[in-house]
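Here the structure is laid out as structure tokens; the discussion comes afterwards.
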Amino acid sequence: MPSFSNRIARPGLIAVAAALSLSWAEPVSASAMQEFTLDVDQSSIDMQARSCQSRCGVTAAFSQPGEVSHTYSEEGEVWHLRDIIDWTVRSRGKQVYDVVVNLFFTAPTEASSQTEGTGIFFSFMGIFTTNHLSWDDWTTPVNFDNGSRLSVWLEDGIDIALGRTVSSDMHIRADRLAGMSTPSPVPLPPALPAMLAVLGGLFWAGRSKRRTA
């Protein structure tokens, strides 16, 4: 016949195991996906002519005004902004410019980035236009006060289009989304330490009784 301590301890072990299983850390599900907003009106594209074969005449502007937003559902997701920058060439010949693209974000907190590079532009009598963009850094980080971080990279290489305007893309990747990948441990039941102490005493008493028998 099992001893009294064994009759008590075995059911108690089942209860302790159940309590421990409930204390395992569980991942936090995002209460809400994070939205990021780029304020185009407060962003800018600065151009400084380096050399021009005839007269300089290249302008750059964002293709849409106001604010554009994107909601990221996971880290590593990329937000694609197609044809977001228009480069317009109004004079003939090869033209070389130093270019600085300044981006300003208003959400989830205010943040900014700056990407520098070089643009080579050529237009043939306004019939077609080509450009060659080269950026100093492949990606530019954007760090937010809430801990999130984005990476911005601008389209580079050669592009060609009919008319005087050629457009280029911009891509924004979510490197880190604050609060979406942190584990949240479930606390242990308050009575669990006491249960463990009682069961330990019962086991010890049972072993001592078997040794003296």
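Any value given below was found using the heavy atoms of this structure, including those in side chains, with hydrogens, waters and symmetry copies removed.
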What is the minimum heavy-atom distance between [X] and [Y], and which atoms define it?
X: D41; Y: G66; result: OD1-N, 3.0 Å
X: L133; Y: G119; result: CD2-CA, 4.0 Å
X: G147; Y: A178; result: C-CB, 4.1 Å
X: A107; Y: F144; result: O-CE2, 3.8 Å
X: F104; Y: Q42; result: CE2-OE1, 3.6 Å
X: E74; Y: A174; result: O-CB, 4.1 Å

Would you compute the distance between atom [atom1] of [X] and atom [atom2] of [Y] and round it to the nearest 0.5 angstrom?
X: F121; Y: C52; atom1: CZ; atom2: SG; result: 10.5 Å
X: D83; Y: L81; atom1: CG; atom2: CG; result: 10.5 Å
X: L38; Y: I172; atom1: CG; atom2: CD1; result: 5.5 Å
X: R82; Y: S168; atom1: CZ; atom2: OG; result: 11.5 Å
X: S167; Y: F62; atom1: OG; atom2: CZ; result: 12.5 Å
X: M47; Y: C56; atom1: CE; atom2: SG; result: 9.5 Å

I'd like to know if the side chain of [X] and the backbone of [Y] have a donor-acceptor N/O pair within less than 3.5 Å.
X: T109; Y: D145; result: yes
X: S112; Y: L103; result: no
X: Q95; Y: S91; result: yes
X: D175; Y: R149; result: no
X: T130; Y: D159; result: yes
X: D137; Y: T140; result: no
X: Y97; Y: V58; result: yes

Do [X] and [Y] sit in one hydrophobic cluster, given that two such residues count as connected whenever their side-chain heavy atoms are within less than 4.5 Å of each other, even indirectly?
X: I85; Y: V96; answer: no
X: W153; Y: V40; answer: no
X: I127; Y: I160; answer: yes
X: V166; Y: F122; answer: no

Quick one about [Y] and [X] (side-chain donor to acceptor, distance below 3.5 Å, no hydrogens or angles considered), yes or no?
X: T165; Y: D86; answer: no
X: T71; Y: Q34; answer: no
X: T118; Y: S134; answer: no
X: H171; Y: E155; answer: no
X: S43; Y: N102; answer: no
X: T106; Y: T37; answer: no

| Taking the six-membered ring for Trp, are F105 and F36 ring centroids under 6.0 Å apart? |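 No, they do not, as the ring centres are separated by 6.0 Å or more.
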
### Query
side chain to side chain contact (heavy atoms under 4.5 Å, CB included) between E75 and R176: does it pass, once the steps are laid out?
CA-CA 6 Å; E75 293 175 346; R176 182 173 63 238; 3.9 Å; yes

Within the structure provided, determine whether [X] and [Y] are in side-chain contact (heavy-atom separation under 4.5 Å).
X: L150; Y: R173; result: no
X: I120; Y: N131; result: no
X: Q114; Y: V101; result: no
X: W87; Y: T129; result: no
X: V99; Y: D46; result: no

Practice item. Can you label the angle between the W79 ring and the Y72 ring as parallel, tilted or perpendicular, going by 30° and 60°? Key: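 Rings of W79 and Y72: perpendicular, over 60°.
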
| said: I'd like to know whether E77 forms a side chain to side chain contact (heavy atoms under 4.5 Å, CB included) with H70, so could you lay out the CA-CA distance, the side-chain angles of the two residues, the decisive distance to 0.1 Å, and finally the verdict. | reply: CA-CA 11 Å; E77 182 180 339; H70 180 77; 3.0 Å; yes

